[in-house]
Amino acid sequence: MEEQTYKNFIKNWQLSPMTMEDVSDEAYRSICPQHRNQIEAENILRKHLFTPFLTKYSRIEDYREEWLDSFGQKDSYCGNPYINVSCVGKALSTLQFWAEAKVAVKTRGLYSFRLWTYMAGSLFVDGQRVQTFSEASYQPILKHEFTLELDAGIHELTFLWMNMAVRDTRNIFALEVLEGKEHVSQDLVQDLLYQVMTHEELKADLIQKIAEKESAPRGAGVKFGIYHVLARKHLGFETQKDWDLILDDLDLVDQRIDCADFLLIGLFRYYYVYGFPETIEKRFKEVLLNFRFWMDQEGSDSMCYWSENHSLMFFGLALSAGELFPDEDFVRSHLKGKALAELSLERCRNWLSVIESFGMEEYQSTTYFPVTMAALLHLIDFGPEDLTQRSEKLLDELLRQIMLHFFKGAVFSPQGRVYGDVVRPYLSSLQNVLAYLLPGVLPGKGEPMWLSNFLTSRYEAPEGLLGLASKSQNIHYNSGHSQINLYKSETGILTSVTSPYNPTTELPANEIGDLVKLNTQYHGTTHFLPDIPGYQQHLFYAALSREALLFVNYPGVFDLNEAMRPGYWYGNLRIPELTQDGSKLTCTYKLTPDYPINFTHVYCPIDKFDEVNYQDRKILVGLGKAKIRLESNQDLVPYWRDGQLTEWRCYADEVTYTIELLEEG
């Protein structure tokens with residue numbers, strides 16, 4: 001049987017809440033009065049109850065008006081072609097829910113589809129009912145084939161599903177594109193939406209998306225509101241609820257939860273630009289005077305002070321707080337505001353000196369760079385003149401460095417600290433920052449809230465960034481204690497860090513130098529040597545498009561959803577030996593015998609390539625004229641996740657991978 005990659009299935013759906021209605025004894029008796037066989041009775045009920053509901057209206061708007069509750073908050077199911085929300089029916093009832101997906105069609109024509117489901121349903125295209133599948137089945141699964149005539153552009157497919165809730169109720173469906181599949185894509189949906197916008201319209205759309213969310217969840221029931229409040233204030237439709245959200249944020253800062261500094265930097269921006277009413281200003285002052293701005297101050301909490309993004313943010317916040325209340329006592333530092341500001345000013349200057357001289361240790365982090373930008377923007381907009389100029393110059397340079405790695409619409413770079421979502425660059429929040437700053441860059445699918453810092457900032461990106469991004473590269477450069485290698489052509493990119501690498505520079509013997517060492521100890525070294533413990537560092541990429549990419553890592557956990565760092569698709573338990581020469585990379589891992597993870601793996605989502613060949617110890621994937629070839633000195637085992645081949649595992653104590661970009665001609 002041919003391997004099924006599920007490349008041609010519609011995988012990204014949003015599902016409404018499920019609603020249920022009991023089948024009364026009276027209804028049961030009236031529909032099937034003679035039946036004592038439960039299975040036959042349920043089949044009769046399905047046929048009798050489903051069709052009238054599924055065909056009641058021809059427009060989705062008519063259902064929307066009658067069935068408002070089901071159009072509330074939806075759950076997203078992304079990447080899985082086989083949507084399964086099965087449940088156990090505790091009482092005889094019917095259930096209904098919606099499933100919505102957007103697809104992009106490249107050219108007008110007839111397209112054929114195959115639908116797999118146990119349920120009955122109606123399909124709406126752009127709000128109009130076009131197909132009804134009245135039959136439902138307890139078992140086996142049903143298969144329907146149909147065609148749709150679709151214009152070029154974006155179409156919304158909506159299924160109204162209905163099922164009988166009895167015992168193990170199989171609420172399952174999958175939609176496969178048959179003829180014309182090369183012209184139907186979900187990957188292009190967001191691109192097509194934004195390509196028709198001007199840059200100003202795109203920026204407005206991003207800010208609108210931030211404003212529409214009341215607040216952003218941060219785990220364990222905690223929500224951050226200030227960045228969404230800033231967006232609404234900018235658009236001119238703040239509400240009384242926003243003042244409550246600001247007070248909630250101030251309470252979180254007062255509790256000194258982890259990332260309280262992220263909140264405080266936004267609260268300062270609101271205060272400086274718009275001001276607070278008297279009651280909130282009083283609470284703001286209380287919180288600032290009681291806040292713990294650094295590790296050497298009185299109190300205890302679990303805030304992370306020492307990483308690059310956090311440390312500059314704390315220094316800038318302490319500077320602003322001290323300047324704001326120069327004659328007040330700051331409880332935890334036992335300093336007057338003026339003294340706190342002077343100390344923090346010196347710390348800001350020293351932080352900038354280290355980064356100016358050595359570069360970032362958290363280099364190119366698509367997770368943390370927007371945070372570091374927020375800290376720099378705070379100094380650019382609200383700091384003294386020397387900090388303003390130096391911060392602006394540094395931010396310009398960091399953006400230039402990032403754009404060296406911009407390829408096919410996304411940033412591919414090794415990263416000092418990274419998480420599992422953003423190793424796929426189109427998911428990062430950095431992508432939204434670049435789209436906001438630069439015409440022609442499309443947004444990503446990551447959190448856009450950090451853009452709120454730009455709404456009232458005077459900062460403008462330097463000219464020539466897109467020109468820099470368009471150039472081919474074959475270079476090495478240093479950042480922090482790392483050497484970064486970059487090979488980029490018109491059709492492919494290969495980029496990595498070097499290991500072993502022995503930098504010749506020495507950190508200054510001062511507080512900031514010690515801080516960098518502390519960050520290195522806690523968050524993992526960037527002085528790369530084979531076999532030392534790793535953390536969140538992402539070490540290399542080979543890519544042919546923003547989604548057709550390949551990398552290898554030594555995971556710290558077995559599952560994608562586990563929270564430890566290093567994780568499954570990011571970070572490494574042990575640092576490998578890494579050598580890059582132009583378009584060729586060699587990577588050797590030695591697994592540690594005192595840890596239960598016994599494999600390295602190659603991440604390579606084959607449904608993003610148009611050519612795939614693999615056997616034993618070789619993988620060859622291609623897109624257009626370019627290819628990536630990976631060879632291993634040990635056997636590679638294909639690993640299927642959610643019905644898709646996205647990776648290969650190697651169960652060997654020592655393994656060498658050779659990765660090469662190949663280009664026709």
Side-chain angles (χ1 to χ4, degrees), residues 304 306-309 359-369 412-425 478-485 494-503 516-542 549-580 585-603 632 634 647-657 659:
C304 177
W306 54 85
S307 70
E308 279 175 338
N309 63 88
M360 300 283 290
E361 295 283 345
E362 295 176 354
Y363 54 86
Q364 314 286 56
S365 173
T366 53
T367 299
Y368 289 110
F369 189 67
F412 289 94
S413 173
Q415 300 180 48
R417 290 183 66 196
V418 72
Y419 292 88
D421 51 352
V422 300
V423 293
R424 293 162 289 178
N478 292 347
S479 186
H481 287 85
S482 306
Q483 177 179 278
I484 298 174
N485 313 297
L494 181 68
T495 180
S496 67
V497 293
T498 298
S499 171
Y501 179 65
N502 297 301
V516 173
K517 294 175 184 176
L518 178 61
N519 189 32
T520 294
Q521 292 169 5
Y522 186 82
H523 286 133
T525 183
T526 54
H527 181 177
F528 289 112
L529 296 170
D531 304 329
I532 63 173
Y535 192 64
Q536 286 177 270
Q537 308 94 331
H538 187 67
L539 302 178
F540 79 86
Y541 275 115
L549 58 94
L550 178 152
F551 62 82
V552 181
N553 77 314
Y554 178 15
V557 293
F558 285 97
D559 188 79
L560 278 172
N561 298 318
E562 296 175 22
M564 195 186 85
R565 295 174 265 183
Y568 191 81
W569 279 347
Y570 68 100
N572 290 267
L573 272 176
R574 295 282 178 179
I575 300 298
E577 180 179 341
L578 280 162
T579 304
Q580 182 176 340
L585 172 73
T586 302
C587 172
T588 299
Y589 276 99
K590 294 180 181 179
L591 275 62
T592 176
D594 53 358
Y595 201 86
I597 303 289
N598 64 336
F599 63 91
T600 54
H601 66 67
V602 181
Y603 174 72
S632 169
Q634 304 288 345
E647 65 182 279
W648 284 258
R649 291 184 174 186
C650 180
Y651 298 92
D653 294 336
E654 183 172 339
V655 55
T656 296
Y657 298 96
I659 297 96

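The shown structure was predicted, so the numbers you read here are calculated from the model rather than taken from an experiment. All values below come from the heavy atoms of this structure, side chains included, with hydrogens, waters and symmetry mates left out.
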Starting at OG1 of Thr366, measure out to CZ of Arg424 and round the result to the nearest 0.5 Å.
11.5 Å
Set out, in order, the CA-CA distance, both residues' side-chain angles and the distance that settles side-chain contact (heavy atoms from CB on, under 4.5 Å) for Phe540 and Thr495, then state yes or no.
CA-CA 5 Å; Phe540 79 86; Thr495 180; over 6 Å; no
Do the side chains of Ile597 and Phe558 get nearer than 4.5 Å, heavy atoms only?
yes
Do Cys587 and Pro576 touch side chain to side chain, with heavy atoms closer than 4.5 Å?
yes
Of Asn553, Val418, Val422, which meets side chain to side chain contact (heavy atoms under 4.5 Å, CB included) against Tyr570?
Val418
Rounded distance (nearest 0.5 Å) linking atom OG1 of Thr600 with atom CD of Gln634
9.5 Å
With side-chain contact (heavy atoms from CB on, under 4.5 Å) as the test, would you mind laying out the steps for Trp648 and Cys650 before giving the verdict?
CA-CA 7 Å; Trp648 284 258; Cys650 180; over 6 Å; no
Mind checking what makes side chain to side chain donor-acceptor pair (under 3.5 Å) contact with Tyr554, not counting sequence neighbours?
none
Contacts of Tyr657 that satisfy ring-ring contact (aromatic ring centres under 6.0 Å, His included) - sequence neighbours left out
none
The ring-ring contact (aromatic ring centres under 6.0 Å, His included) partners of Phe412 (sequence neighbours excluded) come to Tyr541
Under a plain distance cut-off of 3.5 Å, with no hydrogens placed, do Arg565 and Tyr419 share a side-chain donor-acceptor pair?
yes
Indicate yes or no: at least one non-hydrogen side-chain atom of Gln580 is less than 4.5 angstrom from one of Leu494.
yes
Phe551 side chain reached by Leu539 side chain, heavy atoms, under 4.5 Å
no
Side chain to side chain donor-acceptor pair (under 3.5 Å) involving Tyr603 - partner list, sequence neighbours excluded
none
Using modelled atom types and a 3.5 Å cut-off, is there a donor and acceptor pairing between side-chain atoms of Tyr595 and backbone atoms of Gly556?
yes
For the pair Arg574 and Lys590, evaluate side-chain contact (heavy atoms from CB on, under 4.5 Å) and give the outcome as yes or no after the intermediate values.
CA-CA 8 Å; Arg574 295 282 178 179; Lys590 294 180 181 179; over 6 Å; no
Whether Glu654 side chain and Leu591 backbone form a donor-acceptor pair below 3.5 Å
no
Straight-line distance of Asn309 CG to Glu362 CD, nearest 0.5 Å:
5.0 Å
Taking all heavy atoms of Glu361 and all of Gly480, pick out the closest pair and write down the distance.
OE2-CA, 3.5 Å
Using side chain to side chain donor-acceptor pair (under 3.5 Å) as the criterion, point out the one residue from Gln536, Gln364, Glu308 that pairs with Arg417.
Gln536
Please evaluate residues Gln415 and Ser365 with respect to the criterion side-chain hydrogen bond (donor to acceptor under 3.5 Å, both in side chains), reporting the C-alpha separation (whole Å), side-chain torsions for both, the decisive distance (0.1 Å), and the verdict.
CA-CA 5 Å; Gln415 300 180 48; Ser365 173; 4.5 Å; no
Under the rule for side chain to side chain contact (heavy atoms under 4.5 Å, CB included), what residues qualify as partners of Pro566, not counting sequence neighbours?
Met564, Leu573
Write down the atom of Met360, the atom of Tyr363, and the distance for their closest heavy-atom approach.
O-CB, 3.5 Å
Who are the side chain to side chain contact (heavy atoms under 4.5 Å, CB included) partners of Ser499, not counting sequence neighbours?
Phe528, Pro530, Ile575, Leu578
Residues in side chain to side chain donor-acceptor pair (under 3.5 Å) with Glu577, at least two apart?
none
Residues Pro414 and Ile484: closest non-hydrogen pair is CG-CG2, 3.8 Å
Looking at residues at least two apart in the chain, or sitting in another chain, which of them share a side chain to side chain donor-acceptor pair (under 3.5 Å) with Tyr589?
Asn572
Those residues at least two apart in sequence (or on a different chain) that pass ring-ring contact (aromatic ring centres under 6.0 Å, His included) with Tyr651 are Phe599
What do you reckon, is CG of Asn598 surrounded by more than 12 foreign heavy atoms closer than 6.0 Å?
yes
Holding to side chain to side chain contact (heavy atoms under 4.5 Å, CB included), I want the full list of residues that pass it with Thr498, two or more places apart in sequence or in another chain.
Gln483, Asn485, Tyr501
Could you tell me if the side chain of Thr656 sits less than 4.5 Å from the side chain of Ser632, heavy atoms only?
no
Evaluate the criterion side-chain contact (heavy atoms from CB on, under 4.5 Å) for residue pair Glu647 and Val602; output intermediate values, then yes/no.
CA-CA 5 Å; Glu647 65 182 279; Val602 181; 5.8 Å; no
